[in-house]
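Let me begin by presenting the structure, written as structure tokens, before commenting on it.
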Amino acid sequence: MAKKLISEVLTEASKITKKADRVTYLQKNSSPALRDVLRIAFDDDVVSLLPTGAPSYEKDDAPAGHEFLNLHRGHRRFKYFFKGPVANETPALRREGMFLSFIESLNGVEAEMVIAAKDKKLKIKGITKALVKEAFPNLIVK
């Protein structure tokens, strides 16, 4: 069975009513990509070097599971988009072009989620900074 998309994990977690069960569910479905998205969304130490908002991009209309790229394979590209040694050396125009091709190759829902996380505006019912800290205690620095 293929791994669930990060957007599917977060959507399913939002439907769980008990906080403890939601924490357990996130831990059970933990992956480097999930932790990266949550850290980008909630850690104030993670600073985007991209313009705020969604760029003009063409959404991938492939059904879930048939997109060109998913976050499990593509999350390693985040190092080009957020303050750090790799991104700081990447010219802004190249970084923005890389981000555009990255989100265009993701499932449409995943692309929207990455854009919201980048802007610290990820709004998923029940998924909060406190919940993420409880599920992954060493993930968020600030």
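Numbering of residues begins at 1 and proceeds along the displayed sequence.
Within the structure, the side chain to side chain donor-acceptor pair (under 3.5 Å) test picks out no pair touching residues 87-97 (sequence neighbours left out).
Dense packing is recorded around CZ of Phe136, with more than 12 heavy atoms of other residues, nucleotides or ligands lying under 6.0 Å away. Summarising the local packing, NZ of Lys129 is surrounded by more than 12 heavy atoms from other residues, nucleotides or ligands at distances under 6.0 Å.
A donor-acceptor distance shorter than 3.5 angstrom exists from the side chain of Arg22 to the backbone of Gly126, with no hydrogens or angles considered. When atom types are taken as modelled, the side chain of Thr11 and the backbone of Glu8 share no donor-acceptor pair closer than 3.5 angstrom. Judged purely by atom type and a 3.5 angstrom limit, Lys120 uses its side chain to pair as donor or acceptor with the backbone of Ile40. With Asn70 contributing its side chain and Arg73 its backbone, the two residues share a donor-acceptor pair below 3.5 Å. In terms of modelled atom types and a separation under 3.5 Å, the side chain of Asp60 and the main chain of Asn107 share no donor-acceptor contact. A side-chain donor-acceptor contact under 3.5 Å links Asp119 to the backbone of Gly53. Side-chain N or O atoms of His72 include one that pairs as donor or acceptor with a backbone N or O of Lys4 at under 3.5 Å. The closest donor-acceptor contact from the side chain of Lys118 to the backbone of Pro51 lies under 3.5 Å. Side-chain atoms of Gln27 come within 3.5 Å of backbone atoms of Ala135 as a donor-acceptor pair (strictly under, hydrogens ignored).
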**OP:** Apply side chain to side chain contact (heavy atoms under 4.5 Å, CB included) to the pair Tyr57 and Phe102, showing each step before the final yes or no.
**Re:** CA-CA 10 Å; Tyr57 71 102; Phe102 174 65; over 6 Å; no
**OP:** Show the numbers, then the answer: is there a side chain to side chain contact (heavy atoms under 4.5 Å, CB included) between Leu38 and Leu10?
**Re:** CA-CA 10 Å; Leu38 293 172; Leu10 293 175; 4.0 Å; yes
**OP:** With side chain to side chain contact (heavy atoms under 4.5 Å, CB included) as the test, would you mind laying out the steps for Ile6 and Ser31 before giving the verdict?
**Re:** CA-CA 9 Å; Ile6 302 306; Ser31 67; 3.7 Å; yes
Original post:
Checking side chain to side chain contact (heavy atoms under 4.5 Å, CB included) for the pair Met113/Leu106: CA distance, chi angles, key distance, verdict?
Top reply: CA-CA 10 Å; Met113 188 186 65; Leu106 291 172; over 6 Å; no
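Linking ILVMFWY side-chain heavy atoms closer than 4.5 Å, directly or via other members, places Val47 and Ile140 in two distinct hydrophobic clusters. A continuous path of Ile, Leu, Val, Met, Phe, Trp and Tyr side chains, each step under 4.5 Å between heavy atoms, connects Val86 with Phe99, placing both in one hydrophobic cluster. Taking hydrophobic clusters as Ile, Leu, Val, Met, Phe, Trp and Tyr residues chained together by side-chain heavy-atom distances below 4.5 Å, Leu139 shares a cluster with Leu131. Follow the hydrophobic side-chain contacts under 4.5 Å out from Leu49 and you never reach Met98; the two are in separate clusters. Both Tyr80 and Val46 are assigned to one and the same hydrophobic cluster, defined by single-linkage of ILVMFWY side chains at heavy-atom distances under 4.5 Å.
The pair Lys59-Glu104 fails the salt-bridge criterion, with no side-chain N (NZ, NE, NH1 or NH2) lying under 4.0 Å from an Asp/Glu carboxylate O.
When each of Val37, Val109, Val114, Ile124 is paired with Ser7, the side-chain contact (heavy atoms from CB on, under 4.5 Å) condition holds for Val109 and for no other.
Distance check, rounded to the nearest 0.5 Å: NZ of Lys18 to OG1 of Thr24 gives 11.0 Å.
The closest side-chain heavy-atom distance from Leu71 to Leu5 is not below 4.5 Å.
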